[in-house]
Amino acid sequence: MNRHQVCVRGLILCGLLLLLGCKEAPSSALPELKVSGPTMGTHYAVKVVGDYPGGEPQLQHEVEQILQRIDHQLSTYKPDSELSRFNQHQATTPVEISQDLADVLIEGLRVGKMTGGAMDITVGPLVNLWGFGPDKRPTKIPSEQQIAAARLRTGLDKLHVEIGSDKATVRKDIPDLYVDLSTLGEGYAADQVAAWLDGRGIKNYMVEIAGALRLKGHNGQGDLWRIAVEKPGDELGQVQNVLTPGDNGISTAGSYRNYYELDGQRFSHIIDPATGKPLTHKLVSVTVIAPSALYTDALDTGLMVMGADKALIFANEHNLPIYTLTKTDDGFKVRFSRAFAAYQPKP
Ligand code: FAD
């Protein structure tokens with residue numbers, strides 16, 4: 001990593017401060033305030049260009065307050081989080097929830113249905129069975145019976161969110177439905193930090209939470225933010241491509257970094273809800289660009305589950321910029337949707 005890169009926890013994306021011409025760019029360089037730290041079992045980094053009242057310490061304090069609030073709402077790793085309390089609620093009666101949790105559940109259900117259930121926020125029992133949630137890694141490959149039993153505890157149609165005039169509630173059709181927001185919670189957090197910075201009148205920033213990014217304006221050199229897609233492989237930080245997403249969210253789902261091996265087989269952390277098993281196809285990463293990081297972070301996992309052919313058809317139907325990498329015998333094949341071409345940097 002050089003000093004211009006913000007490493008994203010061995011994930012796919014790094015923010016690069018490379019030069020790129022832009023008509024509206026300011027002519028002189030401005031200082032960049034940079035804060036980073038641990039959050040949600042992973043890492044965050046925020047850059048703000050120019051002044052911030054109270055400087056880096058105040059920026060860090062405000063960002064971490066937002067992240068802590070979201071962690072206490074959306075975590076399945078904290079037994080006392082709002083989501084964990086709902087998961088522990090072994091009944092089908094409605095539970096009052098915060099607007100934050102309601103917003104994420106509603107978007108999770110919407111994107112889940114849009115992807116035909118490929119992204120499924122109720123897949124938690126399978127995630128835990130395969131050892132990718134708060135539970136320990138299995139020492140044996142789960143049996144077909146265990147998988148079938150866990151699948152009975154999943155289903156987007158079994159989760160209902162209602163927004164009333166004075167409160168939001170959520171209920172489940174079966175008492176042991178278990179919601180896992182790990183795939184989109186970081187995107188929501190990036191959106192919330194971006195909204196905070198917008199509210200403070202900040203015009204140029206980069207927010208990154210565990211590989212889910214929100215970008216606005218320019219870096220300190222006055223250039224558009226440039227984002228590197230990592231080249232899959234054993235070596236961290238190798239750049240596959242550099243993108244200029246503009247004032248957007250961007251995130252990548254990948255199957256090659258978070259995995260374990262058992263009985264000679266490799267299991268990645270993305271589960272196909274239709275089979276109840278980790279993915280086995282050769283699509284190794286999908287990068288998505290859209291205005292909201294909550295949306296890109298939810299969608300990238302669904303597109304991974306679909307596989308490259310279906311994901312590209314889906315993206316072209318929805319005019320969605322996506323970039324895919326598929327493993328081949330001699331490397332990786334790049335394929336992207338029609339809408340993606342606009343985000344390739346100009347030579
Ligand atoms: P993504 O590709 O973005 O998501 C993969 C994850 O989504 C899987 O790990 C699984 O949980 C889930 N998933 C798998 N398949 C599907 C599917 N088909 N549909 C929907 N979801 C699926 N991790 C810790 O180790 N410790 C913590 O304390 C911790 N706290 C967290 C708190 C919050 C609020 C959140 C949102 C996450 C937390 N995590 C924690 C999880 C961690 O930050 C990452 O979310 C996780 O490691 C996977 O992130 P990713 O970006 O690599 O993968």
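The chain is numbered in sequence order, starting from 1. Every heavy atom of this structure was used, including side-chain atoms; hydrogens, water molecules and symmetry mates were not. First listed ligand is number 1; within each ligand, the first listed atom is number 1.
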Taking only heavy atoms of D71, which atoms of ligand 1 are found under 4.0 Å from at least one of them? 32 (C), 33 (C), 34 (C)
Contact (N/O only, under 3.5 Å) between S182 and ligand 1: yes
Which of the atoms of ligand 1 are close to D180, meaning less than 4.0 Å from one of its heavy atoms? 10 (C), 11 (O), 12 (C)
The one among T183, D297, D272 that brings a heavy atom closest to atom 1 (P) of ligand 1: T183
Y52: partners by side-chain hydrogen bond (donor to acceptor under 3.5 Å, both in side chains), with sequence neighbours left out: E62, W196, R200
Can you confirm if the NZ or CZ of K47 lies within 45° of the ring axis of Y205 and under 6.0 Å from the centre of its six-membered ring? no
Counting only heavy atoms not in D173, do more than 12 sit closer than 6.0 Å to its CG atom? yes
Check the hydrophobic clustering (I, L, V, M, F, W, Y; side-chain heavy atoms under 4.5 Å; chains of links allowed) and say if V334 and I313 are grouped together. no
How does T76 reach ligand 1, if at all, at less than 4.0 Å between non-hydrogen atoms: by side chain, backbone, both, or neither? neither
Other residues, nucleotides and ligands only: do more than 12 of their heavy atoms fall within 6.0 Å of CZ on R110? yes
Of all the atoms in ligand 1, which lie at a distance below 4.0 Å from a heavy atom belonging to L181? 36 (C)
In terms of the angle between their ring planes, are F132 and H269 parallel, tilted or perpendicular, with boundaries placed at 30° and 60°? perpendicular
Within reach of ligand 1, part of S251 (heavy-atom separation under 4.0 Å): neither
Taking the non-hydrogen atoms of P273, is any one of them nearer than 4.0 angstrom to ligand 1? yes
If you measure from atom 9 (O) of ligand 1 to every heavy atom of H269, M119, M304, which option wins on shortest distance? H269
Please report whether ligand 1 has a polar contact with I70, defined as an N or O pair separated by less than 3.5 Å (distance criterion only). no
Test side chain to side chain contact (heavy atoms under 4.5 Å, CB included) applied to V104 and V179, L83, L74, the passing residue: L74
Under 4.0 Å from any heavy atom of V305, which atoms of ligand 1 are there? 18 (N)
Residue-ligand contact A118/ligand 1, heavy atom below 4.0 Å: yes
Only pairs at least two apart or in different chains count here, so list each side chain to side chain donor-acceptor pair (under 3.5 Å) that has a residue in residues 303-320. D309-R335
Quick one: which ligand 1 atoms are inside 4.0 Å of a heavy atom on T42? 43 (O)
K333 atom NZ: more than 12 heavy-atom contacts under 6.0 Å: no
